[in-house]
Amino acid sequence: MKTINLDYTAAAPVDQGVLQAMIPFFTEHYGNPSSGHALGETPRRALEEAREKVGLLIGAEGVDEKQIIFTASASEANNLALKGLVAANKKKGNHIISSSIEHFSVLNQLKSLQKEGFEVTLLPVDRHGTVDPAQLAAAITDQTILISIQTANPEIGTIQPVEKLISVAHENEIPFHTDAAAAAGWIPLDVKKTGVDMLSLAADQFYGPKGAAALFVRRGIRLRPLIEGGIQEKGLRAGTENVPAIVGLGEAARLAYQSLDERSQRVSAIRDQLKAGLFKEIPHLHLNGHPEKRLPRNLNISVEFVEGEALLMRLNMAGIYVSSGSSCTSQALKSSHVLGALGLPPELAQGSLLLSLGKESSKEDIPYITENLGQVSGLLRNMSPLYHQHLKEGNDNARVQ
Amino acid sequence: MKTINLDYTAAAPVDQGVLQAMIPFFTEHYGNPSSGHALGETPRRALEEAREKVGLLIGAEGVDEKQIIFTASASEANNLALKGLVAANKKKGNHIISSSIEHFSVLNQLKSLQKEGFEVTLLPVDRHGTVDPAQLAAAITDQTILISIQTANPEIGTIQPVEKLISVAHENEIPFHTDAAAAAGWIPLDVKKTGVDMLSLAADQFYGPKGAAALFVRRGIRLRPLIEGGIQEKGLRAGTENVPAIVGLGEAARLAYQSLDERSQRVSAIRDQLKAGLFKEIPHLHLNGHPEKRLPRNLNISVEFVEGEALLMRLNMAGIYVSSGSSCTSQALKSSHVLGALGLPPELAQGSLLLSLGKESSKEDIPYITENLGQVSGLLRNMSPLYHQHLKEGNDNARVQ
Amino acid sequence: MPEYSEKVMEHFTNPRNIGEVSEPDGIGEVGNPVCGDMMKFTIKVKDNRIEDVKYFTFGCGAAIAVSSMVSEMAKGKTLEEALKITNKQVAEELGGLPGNKMHCSNLGADALHKAITDYMEKQKVEAGSSS
Amino acid sequence: MPEYSEKVMEHFTNPRNIGEVSEPDGIGEVGNPVCGDMMKFTIKVKDNRIEDVKYFTFGCGAAIAVSSMVSEMAKGKTLEEALKITNKQVAEELGGLPGNKMHCSNLGADALHKAITDYMEKQKVEAGSSS
Ligand SMILES: Cc1ncc(COP(=O)(O)O)c(C=O)c1O
Ligand SMILES: Cc1ncc(COP(=O)(O)O)c(C=O)c1O
């Protein structure tokens, strides 16, 4: 059976070159970077090389590349950034600002911090998912100690005006963290230019391995470690360094940096063509996220009148792999908070599909995707009470205005 | 040059079979276990298989194997166990008992918890490094909410009487955590028999990859996650699962379980012969740790009158890789807290060498090791003011009594 | 995708009795798009038996399979028998449902029962108006 | 093992002037095993110059290399010149020392200076007793 991955945001294969770079560190250069003997040397050097490569990807080269703390996941990087900063800066205030469409690894921490007595403001977004810098400015109080707003959203693809948001933060002398896990490797990042204070990224979003991520921390920002113990990673993250994974992160960062423009342009061209094809062939589709300012590989649509898990299952049977923001596909059985924040009516959130492309995606697959999604949508609409109600009402007013 | 690794505790090569088991999960079965489509299936199944294999290694099969939470390091597992438990059980009390020879990933957390207002008792050890169950019993108060004592010490190899210690804890209805990172894969572990409530282990201590570790959590024990976000790992550890590393952990656990007796016997036989050879050929050596109850692969000696880093560097030049508990070899520039807790005089702590063997170790290397350590010790003693003082005093009284 | 049983997958792939019976004797609607599942059962009753039953379902794989199974189980049964169909039975007939999908099986029997009670109430009203 | 310079490694591997001069004119001892480093310098003085200098060192690679370097730098110098040898100079001559090893270079010059002042004090005492 033909199979087409349209869920590269969930997972992507590790690049062959990246894997080849990693392999020797499992067996040959297996030493512990902290070791005082020859076995520690190559791994230790490899760690620093990886730091430089990640630095290059985010524009930290020459300035602050040593301020890159390796973690095991973007979730961990986000937890280190937020909990770590507030733990070290409690005396300065108790207010944190973020947005309503952050990843759960930001939002769920904030809930915990709220229980501990912190005040949290979650900025709303407009119907395209954009945070308004003026609303950020208005939300700042003299108690605000941290602002955390993502660079881009993994689900709807919307890219935030981070430069403006950071300016607002810095005018008020408040440190700014950005979760760039969905953005890194796909759009240019430049910590020198934006002046961002902390930035999270993860290797598995740009063809590196799972289990390797990083938090950039600008010099002067005080954090407390989440994982305490040895003084690896400047004392900010204890535990034997996962050298092979970090080498993989470095190599993936190097490749992503090298091919960023080419990769993004090619992928966004396919994405645009797929979008055009779907909207042409299938009635009652709805685009979620920003029409222009979005990640090159991201397409998010709602298929009116049907539910996402059923779509996902039917597409899976046709070898097409997607994800959905429906409540039935979430482990917590709640429909996407991101789609909710856009003001999308529940039935559209339930019928949302995230189609995310990768460098392996091909234009040639578009007809197959369009045809199958059309069939599947027709089939499920045919058994949908909402669709029959719509037919009866004979009206076709768009559900979102 | 001949090279001999005698520092397998710091790092060991990943077993070829383990690496081969991992490789497909980087490229072919690269899916996200949370995915609702076919790409998630194999990874999801692989996670559960790994959980079963780890369960087998620690005697949790059939009972509680699902209560194995994967983490990225033993340090993280220890932090989840301690911080996680006290955060969820604050109302029950504020006292924690541990030992003075725990790994820094236990001790440094406890320091933080002390700053937050928790009371911490660090039990002393006898001169062999053993914790006394009677002293544990005496330390328990009605405020005690957690006891954490390691199964075995990675540096001096001493194995604790955990079964007795757990009995004391459970007579007082206090949950017991054990850091088994140094023990797992080398001595039998049985959570069913001991009734331990939490147990930490790490793959890289038994030929699995770095970046894969686990915390066993008995059903009913309440924890709060360290890394919050998605509800992976029963909500106790957010972040996309590091599938290849977890598969490696599982396979390494399976191999370790299978060959535990054979491996331990073979390695401890070599260790015993090495020890005999060294003590026969080199005067003024001192054995650290328990004479019998110690990890099969562990040998820790102090070379009187000389300093550890100099020994390490000289041995490194001869291709022999060891580690030391001297202050100059520690990043924190403090001599080993473990050796200090044994009551070892400073000059002996400074001259300590950890010689840790692996399954690759061979009896044939013993003469080379003995000869070189003899030469190096002679050379350094010859320039040691302590040694010349000793010669002048013409006495040879042992330094520790 | 949760680990659905073969039976669930079979009903999801080939759902029986989709649609609306013409001139339904009873209609039962449950759920709403917020919770992710919605079902509309319509029944035709003859001689106190469910002569025909059809449904429209908006929902996940489990919801569709449950609807299909309920329709099969109900067809031909007397109203009393049909009212005794429990959600648990539906799930069992489907070879079990993943824990977090049990709420979908709840909906199925509920919608059927609603259609039946709708029919019964209409009967009462008719009986009332004809008396 | 910290990233030692080639020069450090060379002195560590082939330390110069190990030992104790016979009938030393000055003795300087610094450090103790607790901090991990201990040095004992002995000097022979002739015509206000360090005619010979030897040392015993208990310590890490840096401590040994520093001792060796200090002994080379001191030999043949006048006491005044030798007293001017700074720890910084010693580290520089060694091609630098890792940050966390700078305390070892401190010890080296200190031990030398102590041996010189020991000699000077003995001279004073002798001068005093002969007066
Ligand atoms: C007993 C013990 N606990 C914890 C650790 C920490 O392991 P890691 O550095 O992998 O986090 C070690 C490391 O060797 C250990 O031996
Ligand atoms: C923006 C963003 N933040 C955080 C994460 C969490 O990543 P992980 O599951 O690797 O911790 C993701 C995952 O895709 C993400 O897209």
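A note on names: the letters A, B, ... follow the listed sequences, proteins ahead of strands, and every chain is numbered from 1. All values reported here derive from a predicted model rather than from experimental measurement.
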Considering all heavy atoms of both residues, which atom of [X] and which atom of [Y] are nearest to each other, and what is their separation?
| X | Y | result |
| --- | --- | --- |
| B:Thr27 | A:Val14 | CG2-O, 3.7 Å |
| A:Phe104 | B:Gly230 | CB-N, 4.1 Å |
| A:Ile23 | B:Leu19 | CG2-CD2, 4.3 Å |

Region of [X] that comes under 4.5 Å of a non-hydrogen atom in chain B:
| X | value |
| --- | --- |
| A:Pro43 | neither |
| A:Glu28 | neither |
| A:Ala245 | neither |

From CG (B:Leu6) to NE2 (A:His37), nearest 0.5 Å: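 Taking CG in B:Leu6 and NE2 in A:His37, the distance rounds to 9.0 Å.
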CD1 on B:Ile227 to CD1 on A:Ile227, rounded to 0.5 Å: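 Interatomic distance, A:Ile227 CD1 to B:Ile227 CD1, rounded to 0.5 Å: 5.0 Å.
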Interface residue of largest heavy-atom contact number with chain A, from B:Ser112, B:Ala202, B:Pro209, under 4.5 Å: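 Most heavy-atom pairs within the cutoff with chain A belong to B:Ser112.
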Choice from B:Gln232, B:His29, B:Gln109 maximising heavy atom contacts with chain A below 4.5 Å: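 Max contact count across the listed options: B:Gln109.
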Polar side-chain atom of A:Asn32 near backbone of B:Ala11 as donor-acceptor pair, under 3.5 Å: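 No, the answer is negative, given that no donor and acceptor are paired below the 3.5 Å cut-off.
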Main-chain N/O of A:Tyr30 paired with B:Lys210 side-chain donor or acceptor, under 3.5 Å: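 Side chain of B:Lys210 to backbone of A:Tyr30, a donor-acceptor pair under 3.5 Å: yes, one is there.
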For residues 72-82 of chain A, which side-chain N or O atoms pair as donor and acceptor with protein atoms under 3.5 Å away, sequence neighbours left out?
from    : atom 1 : to       : atom 2 : distance (Å)
A:Ser73 : OG     : A:Ser75  : N      : 3.4
A:Ser73 : OG     : A:Glu76  : N      : 3.0
A:Glu76 : OE1    : A:Ala72  : N      : 2.9
A:Glu76 : OE1    : A:Arg237 : NH2    : 3.0
A:Glu76 : OE2    : A:Arg237 : NE     : 2.8
A:Asn78 : OD1    : A:Ser200 : OG     : 2.7
A:Asn78 : ND2    : A:Ser105 : OG     : 3.0
A:Asn78 : ND2    : A:Asp179 : OD2    : 3.0
A:Asn79 : OD1    : A:Lys83  : NZ     : 3.1
A:Asn79 : OD1    : B:Glu228 : N      : 2.9
A:Asn79 : ND2    : A:Ser75  : O      : 2.8
A:Asn79 : ND2    : B:Glu228 : O      : 2.9

Reference residue B:Leu39; test side-chain contact (heavy atoms from CB on, under 4.5 Å); the match among A:Thr3, A:Asp7, A:Asn5, A:Asn316: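 For B:Leu39, the side-chain contact (heavy atoms from CB on, under 4.5 Å) check succeeds only for A:Asn5.
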Mutual orientation of the aromatic rings belonging to B:Phe26 and A:Phe26 [parallel < 30°, tilted 30-60°, perpendicular > 60°]: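 Correct class here is tilted.
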Part of [X] within contact of chain A (heavy atom distance under 4.5 Å):
| X | result |
| --- | --- |
| B:Met317 | neither |
| B:Tyr8 | side chain |
| B:Glu116 | side chain |

Contacts of A:Ala252 that satisfy side chain to side chain contact (heavy atoms under 4.5 Å, CB included) - sequence neighbours left out: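 Applying side chain to side chain contact (heavy atoms under 4.5 Å, CB included) to A:Ala252 gives A:Val18, A:Phe206.
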Leading residue by heavy atom contact count with chain B [cutoff under 4.5 Å; candidates A:Ser323, A:Ala213, A:Gly319, A:Ala238]: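 Between A:Ser323, A:Ala213, A:Gly319, A:Ala238, the count favours A:Ala238.
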Most chain B-contacting option - heavy-atom pairs closer than 4.5 Å, from A:Asp204, A:Leu315, A:Val322, A:Asp15: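 Top count of heavy-atom pairs under 4.5 Å with chain B: A:Val322.
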